[in-house]
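Accompanying notes for the structure given below.
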Amino acid sequence: MNNARRKPYPFDRIEPKWQAIWEERQLFHAPNPGEKNFDSVNPKFYILDMFPYPSGAGLHVGHPEGYTATDILARFKRMRGFNVLHPMGWDAFGLPAEQYAIKSGQHPAITTRENVAKFKAQLKRIGFSYDWQREINTTDPRYYKWTQWIFLQIYNSWFNPETNKAEPISTYRGKNPDEVRLAYVAEVPVNWCPELGTVLANEEVVDGKSEIGGFPVVRRPMRQWMLRITAFAERLLNELDGLDWPQGIKLLQSNWIGRSEGAEIDFNIDNHQEKLRVFTTRPDTLYGGTFLVLAPEHPLVDLIVTGEQWTAVREYRERTARKSELERTDLAKEKTGVFTGAFAINPANNEKIPIWIADYVLVGYGTGAIGGVPAHDKRDLEFAKKFDLPILAVVRPTKDEPAIGFAGDGIAINSPIINGLTSAEARKKITAWLEECGLGKGAINYKLRDWLFSRQRYWGEPFPIVWEGGKHRALNENELPVVPPPLDDYKPTGTGEPPLAKAKDWVRYSEKALREANTMPQWAGSCWYYLRFCDPQNDQRFVGEEAERYWMGGEKPGGVDLYVGGTEHAVLHLLYARFWHKVLFDLGYLSKSEPFQRLVNQGVILGEDNQKMSKSRGNIVNPDDVIDQYGTDAFRCYEMFMGPLEQMKPWSMRGVEGVARFLARAWRLLMTENQAGEWELSAKLEDVDPDKAQQKITHATIKKVTQDIESLSFNTAISQMMIFVNAFINAEAIPLSAMRTFLVLLNPFAPHLTSELWEKLNARFQDNVGDITEEKWPGYDERFFVEDEVEMVVQVNGKVRDRIKMSILATNDEMKTAALANPRIQQLVDGKNIRKVVVVPQKLVNIVV
RNA sequence: GCCGAUGUGGCGAAAUGGCAGACGCAACGGACUUAAAAUCCGUUGGGCUUUUAAAAGGCCCGUGCCGGUUCGAGUCCGGCCAUCGGCACCA
């Protein structure tokens, strides 16, 4: 014998064996409609994981948490007769791969290939039942051909506000279609990250730093591709309602979209032709507007600034431009600003009010200009105090508190047209008045910005666009895919010029036309991968119509039936994908307007020290080490036993051991070790009827496990199976039928162990049963739980004082009589006045004295 | 500041308004063993108390804090506190 630690059961032999069998027999392949073995009678179930970004570090224990949950559900649903689509793929374009490539000097295509191989081997080792025939990779030209194709659909569409839908650009009747395309080029202030040498989307900037790498980001105007996601703001917001998503994620997304309702008001400028438009949610406070503030970048500043103020204004604007996003949004700092020298007229009272510029007004939101109402807005109040501007209260609070600084709703005062009205009424009335006078109108504003869609990086999808005579134009579909040139030097240039521009031959598309050299962002590939999974090999279409209708359509809810992944994508992937989906839906390519009907977020797994896992803390758990020691079935079960799926929870090696012990006990329930140290089927196993108690616990376990899997309460399902094993472990005879049932219940959790035991049972009992993976899920019969006697709890004033065995058939009156006749209870209520007796049938009697 | 989630033993946790702490970990005791590991059995929220003692009971307190609804509250309602997460000069 070697001196390696003896395994509690031979998982190291069993697990690779069954993985090889599954692969060989392709048991988890889901045929499409029209394909061989497709069964049109079964309902479909599409269960999707967020596909991983294959980093160099390999899987960590957080990935398999969600993957195990979906795998259990997928196996369960198959056993319940569903056609289950459960695919996996690789989101492999993007910054980290490229950063890593630059650092290691290896081409990103090579490192990506290696990382994918590593991830795939790790996932296979955990025994996930993915349909690997559907594997996709976003960096594969056969895949991104269609990413580029979808971009063309977006480019060749516009948003028709009348139909509230995306339509082909050919239906646009205006002069210049380029103004309304859903993909357009604009010179806008963007998030430029010098360190990464690229621009970033708002969603990719966190606290003024790049989400990836944490490098400083500055605002800088650049010519970039944008996607008109803002046109869909209202639908993206409204259609959240119908989705079965965690409330928190919906809220995060609706806050990001940030709808606010108010009015746009035009102010005349003293001695100028131009009008100044501001957006406000509080038109009812118009009378209290004692100044206007423009964003320093506001285009009107140049026109209205007076000679004396010009130097101060210019200096202020330069200072603002130099500031990083982080400095500018620092809340702690004092308000700053400069007077432009110009005045506007408040349309409500015709007062002349000064126009200032200040960096607390953002050029990107609303109209980039605000009416300063210092009495009822905290920021305006700070500003007015700092620069000694007049403060006029126009809302009286309904409770006893000072009017100055009151930002809530109250009663309008000092406002002739609306005096005495509630704020809500006042808003309505003054908006109507503004509209009548042509001074403004009701308006809705969104925080959501258009999606900055180009990157100055190498490792991404090239745009299917060429430039000719200063104008962009789409390539033909038959020119796809546009494959990037092989580049030895793919480093960012740092100047904002994309690395692809270095490939002069590639860029030269024709005599007159040059290729677009920017690439698409990381998110492009993941915006539609769930569609490609439905029909991954199709080279005629991004997804076949029938396949799309089957997997993404169907009865309500339809679409992806369950999508599991982390919260970190709440406003990135999940918003972008919904946007693309809606465009494709409007253009008639898809069955449903929403992609993901039900979303579940798995909780973060912390290190044993209760801290976030990180290299620097040294508390990272590597799945491979756990599997080496305890086997993958134990790993899977532990991930699920830790606690509720959606909860944040710390890892515990001891906990893994406990679950491993449970599996070993289940193994020994059926197997014994002989003299030679070999495992063989236990002699206690018999083809006999279970006794009453065994029957009861078997059916109770079927019920609990079935319901708990449906509700994703995997931890309590495992608890119940532990109770089952504990109940049988010392039985004289182990009834075969109960064991068969149990193995099927445990199979989704521990597929290798149960497959092996099932095979052993088949060999001994030869009752013509096939592979466990193809078994039907067992049903349960409530009759087996019902007992002749129940234990009735007797309470006095809500406190448990005794328990009495009662027949299940006992009436309420009989229960009451029995309780009152009980000597202990008699003692307690003796001499007291019984005021009330509450009876809960078959459960409890409460005597109130 | 705003929004959201969470708060139960030494730890991870469980409980359709009806016996709080299932299941697991850790700890302690025992069996097996030359010994250890493994395995199996038992005890395990806190305090008080009855019995010579053990066995077995009994009483009180206990689900972040304060109040309410109810025969009965971890669960429902109101108010606070703490931790975590998100958003944040969004007009």
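These figures come from a predicted structure and were not determined experimentally. Protein chains get the first letters and strands the later ones, always in sequence-line order, with residue 1 at the start of each.
- Remark: A:K335 qualifies as a cation-pi partner of A:Y360 under the 6.0 Å distance and 45° angle criteria applied to the six-membered ring.
- B:rC60 and B:rU8 have their P atoms separated by 26 Å, with the value rounded to a whole Å.
- Nucleic acid contact class of A:V838 (heavy atoms, under 4.0 Å, all strands): base.
- Side-chain N/O atoms of A:R665 include none lying less than 4.0 angstrom from OP1 or OP2 on B:rA38.
- Distances from the side chain of A:R801 to the nucleotides B:rA20, B:rG12, B:rC60 place B:rC60 closest.
- Taking only distance into account, the side chain of A:K335 meets the base of B:rC89 through a donor-acceptor pair shorter than 3.5 Å.
- Residues passing the side-chain contact (heavy atoms from CB on, under 4.5 Å) test with A:K684 are A:S682, A:I734, sequence neighbours excluded.
- With both ends at atom P, the span from B:rG17 to B:rC77 equals 12 Å, rounded to whole Å.
- Here A:K799 lies in heavy-atom contact (under 4.0 Å) with sugar-phosphate atoms only.
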Item to check | 5'-to-3' dot-bracket of RNA chain B (Watson-Crick, G-U; under 3.5 angstrom; crossing pairs as [ ]; | other strand) | outcome: (((((((..(((.....[....))).(((((.......))))).((((((.....))))))..(((((..]....))))))))))))....
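- No close placement of the A:W356 and A:F291 rings is indicated, their centers lying 6.0 Å or farther apart.
- Between the P atoms of B:rG45 and B:rC66, the separation comes to 24 Å (whole Å).
- Side-chain atoms of A:R654 lie closest to B:rA26 of the nucleotides B:rC40, B:rA26, B:rC3.
- Residue-environment remark: CD (A:E782) exceeds the threshold of 12 foreign heavy atoms within 6.0 Å.
- For A:F662 and B:rG12, the CZ to C1' distance is 17 Å, given to the nearest whole Å.
- Across all strands, A:G258 comes closer than 4.0 Å to no nucleic acid atom at all (heavy-atom distances).
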Item to check | Check against side-chain hydrogen bond (donor to acceptor under 3.5 Å, both in side chains), A:T68 and A:E639 | outcome: CA-CA 8 Å; A:T68 304; A:E639 290 252 3; 5.4 Å; no
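- Taking the C1' atom of each, B:rG21 and B:rA13 are spaced 9 Å apart, rounded to whole Å.
- Side-chain proximity of A:N715 to B:rA22, B:rU39, B:rA14: nearest is B:rA14.
- At a threshold of 4.0 angstrom between heavy atoms, the contacts of A:Q720 with the nucleic acid are absent.
- Residue A:F387 contributes atom CZ, which lies 14 Å from atom C1' of B:rC89 at whole-angstrom precision.
- A gap of 34 Å separates the C1' atoms of B:rA55 and B:rA36, to the nearest Å.
- Within 4.0 Å of A:N730, counting heavy atoms only, lie sugar-phosphate atoms of the nucleic acid but no base atom.
- Residue-level contact check: A:P246 touches neither bases nor backbone, having no heavy atom under 4.0 Å from any strand.
- Note on A:T281: only backbone sugar-phosphate atoms sit closer than 4.0 angstrom, heavy atoms only; bases stay farther off.
- For the pair A:D609 CG and B:rC11 P, the computed distance is 16 Å after rounding to whole Å.
- With hydrogens and angles ignored, no donor-acceptor pair under 3.5 angstrom links the side chain of A:K836 to the base of B:rU70.
- Judged by atom type and distance alone, A:R803 reaches the base of B:rC19 through a side-chain donor-acceptor pair under 3.5 Å.
- Scanning atom types as modelled, no donor and acceptor separated by under 3.5 angstrom connect the side chain of A:Q247 and the base of B:rG4.
- Among the heavy atoms of the strands lying under 4.0 Å from A:S260 are primed sugar atoms or P, OP1, OP2 only; no base atom is included.
- Heavy atoms of A:N445 sit nowhere under 4.0 angstrom from any nucleic acid atom.
- Per the geometry, CZ belonging to A:R282 stands 11 Å off C1' belonging to B:rA91, to the nearest Å.
- Using atom C1' as the reference point in both B:rC23 and B:rA31, the two lie 25 Å apart (nearest Å).
- Considering only side-chain atoms of A:I370, the nucleotide from B:rA13, B:rU39, B:rA91 that sits closest is B:rA91.
- Considering only side-chain N and O atoms, A:N726 lies under 4.0 angstrom from the phosphate OP1 or OP2 of B:rG24.
- Rounded to whole Å, atom C1' of B:rC84 lies 14 Å from atom CG of A:L252.
- The pair A:E65-A:K649 meets the salt-bridge criterion, since a charged nitrogen lies less than 4.0 angstrom from a carboxylate oxygen.
- Here A:E791 lies in heavy-atom contact (under 4.0 Å) with a base.
- Within 4.0 Å (heavy atoms only), A:N846 reaches at least one base atom of the nucleic acid.
- We find that A:K250 and A:D244 are not joined by a salt bridge, their nearest charged nitrogen and carboxylate oxygen being 4.0 Å or further apart.
- Look at A:R661 and you'll find a side-chain N or O under 4.0 angstrom from OP1 or OP2 of B:rA26.
- Rounded to whole Å, the distance from CZ on A:F641 to C1' on B:rC11 is 13 Å.
- Between the P atom of B:rC25 and the CD1 atom of A:I718 lies a distance of 13 Å, rounded to the nearest Å.
- B:rG47 and B:rA38: their C1' atoms are spaced 39 Å apart (whole Å).
- A:I723 comes within contact range of the sugar-phosphate backbone alone, with a heavy-atom separation under 4.0 Å but no base atom that close.
- Here, B:rG30 and B:rG7 have their P atoms 39 Å apart, quoted to the whole Å.
- When the nucleotides B:rC19, B:rU16, B:rA15 are ranked by their closest atom to the side chain of A:T716, B:rA15 comes out on top.
- Atoms CE (A:M671) and P (B:rA38) sit 22 Å apart, rounded to a whole Å.
- For B:rG72, the base is anti relative to its sugar; the glycosidic angle deviates from 0 by more than 90°.
- Counting any heavy atom pair closer than 4.0 Å across all strands shown, A:V373 reaches no nucleic acid atom.
- For the OP1/OP2 pair of B:rG58 and a distance below 4.0 Å, the side-chain nitrogens and oxygens of A:R824 include at least one atom meeting the criterion.
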